[in-house]
Protein chains: 2
Amino acid sequence: MNAPQGTAARNTRQRSAVATLLSQVEGFHSAQELHAMLRERGERVGLTTVYRTLQALADAGDIDVMRPPGGEQLFRRCSDGHHHHLVCRTCGRTVEVAGPAVESWADRVAAQHGYVDVSHTLEIFGTCRGCAANRG
Amino acid sequence: MNAPQGTAARNTRQRSAVATLLSQVEGFHSAQELHAMLRERGERVGLTTVYRTLQALADAGDIDVMRPPGGEQLFRRCSDGHHHHLVCRTCGRTVEVAGPAVESWADRVAAQHGYVDVSHTLEIFGTCRGCAANRG
DNA sequence: GCGTTTTTGACAATCGTTCTCATTTTCAGA
DNA sequence: TCTGAAAATGAGAACGATTGTCAAAAACGC
């Protein structure tokens, strides 16, 4: 396993590099993209380590993971708390949206069916104003 | 591409076999599982064809596709109309749930941000009563 | 410093899915 | 019913993202 818990978590150059990068870039990026960005910056970090670090961050809830219908998973540093995403199908522009009503609805529905320990994923896809305009 | 549109769509033994199977099995299954089931029935259908057929059915909206966090996509023939799924993390038991309020909320939020042509995916994960009991 | 423990990273392996392309099947029209 | 063009099939190769392996390197308490 890669996410030591009761044990020590060590600070390494590579982990800092990934975290720093995530705090500087906008929007969602794949592990491979992030790896490429690091290389361009001259940071020498292995792809495996990027994957491991992203996974650890995701497990810790520090970053968001999204799995768009047709591809690889995308990662993003985002605000604390639970929220969802409104993503443009064409350009990827993303807006964070909160829906307290949805949260409680999901919990209620799950409870009605006897499900416990409930979580959910919700993503909204659409075409943003700019991309819609470019289409005619 | 594999989904002829203005052109003719032909009826084949393989397509019928996949469609029939889907109408008989319960719950979600991966392409590979469905392929294995067909083989057990003595139907000779290639894995490639199963994938192609499932994709065509999904494009046509005749079946549901779900991408659970950690694995391959799952397919399921399900009732008409838009709905979501409540899935047990442990045993996979699935309940279809409808949430008109969520639909309109999603559309409204998207519209507020200038997004058009909106769709969304929502999945609720939890532990069902039976599995929760078995855990203590 | 020292030694233990974690972390790293190059590379191989895995796994789901898609591509290739020669062969087979479908089906409209003769 | 026969024929031929177009569509569909399928075995295997190819692909691409992710994960495993394991020896070498780095981190940190003492």
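In what follows, chains carry the letters A, B, and so on, assigned in the order in which the sequence lines appear, proteins first and then strands, with residues in each chain numbered from 1.
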Nearest to side-chain heavy atoms of A/Arg15, which nucleotide of D/dT18, C/dT8, D/dG12
C/dT8
For A/His120, what residues pass the ring pair (Phe, Tyr, Trp, His ring centres under 6.0 Å) criterion, not counting sequence neighbours?
A/His82, A/His84
For DNA chain D, which residues in residues 16-42 of chain B have a heavy atom at a distance below 4.0 Å?
none
B/Thr49 has a side chain; which of C/dG16, D/dT9, D/dA17 sits nearest to it?
D/dT9
With sequence neighbours excluded, what pairs up with B/His85 under the ring pair (Phe, Tyr, Trp, His ring centres under 6.0 Å) test?
B/Phe28, B/His83
Rounded distance in Å - CD (B/Gln55) to C1' (C/dG16)
13 Å
Looking only at side chains, do A/Gln24 and A/Arg41 share a donor and an acceptor under 3.5 Å apart?
yes
Given C/dT17, is OP1 or OP2 found less than 4.0 Å from the side-chain N or O atoms of B/Tyr51?
yes
For DNA chain C, whose closest nucleotide is more 5', that of A/Arg13 or that of B/Gln14?
A/Arg13
Please identify each residue that fulfils side-chain contact (heavy atoms from CB on, under 4.5 Å) with A/Thr49, with sequence neighbours left out.
A/Gln14, A/Val45, A/Arg52, A/Thr53
Measure CD/B/Glu72 against P/D/dC15 and give the value in whole Å, please.
23 Å
Round to the nearest Å and state the distance from B/Leu54 atom CG to D/dG10 atom P.
13 Å
All N/O contacts under 3.5 Å from nucleotides 27-29 of chain C to the protein, with atom names and distances to one decimal?
residue: C/dC27; atom: OP1; partner: B/Asn11; partner atom: N; Å: 3.2

Can you sort out the partners of B/His35 under ring pair (Phe, Tyr, Trp, His ring centres under 6.0 Å), two or more places apart, ordered by chain and number?
none
Take B/His113 and A/Arg129, measure what side chain to side chain contact (heavy atoms under 4.5 Å, CB included) needs, and give me the verdict at the end.
CA-CA 8 Å; B/His113 289 278; A/Arg129 214 187 310 266; over 6 Å; no
For B/Arg67 and C/dT17, give me the distance from atom CZ to atom C1', rounded to whole Å.
11 Å
By the definition side-chain contact (heavy atoms from CB on, under 4.5 Å), identify the one residue from B/Thr12, B/Leu54, B/Ile63 that meets it with B/Val18.
B/Leu54
Distance, rounded to the nearest Å, where A/Glu43 contributes CD and C/dT8 contributes P:
13 Å
Flag the pair A/Glu96 and A/Arg76 as a salt bridge only when some basic side-chain nitrogen lies within less than 4.0 angstrom of an acidic carboxylate oxygen.
yes
At less than 3.5 Å, do the side-chain atoms of A/Arg52 and the base atoms of D/dG20 form a donor-acceptor pair?
no
Find out whether B/Val109 and B/Val118 are in side-chain contact, i.e. whether some heavy atom of one side chain is under 4.5 Å from a heavy atom of the other.
no
How many Å lie between CD on B/Gln73 and C1' on D/dA17, as a whole number?
14 Å
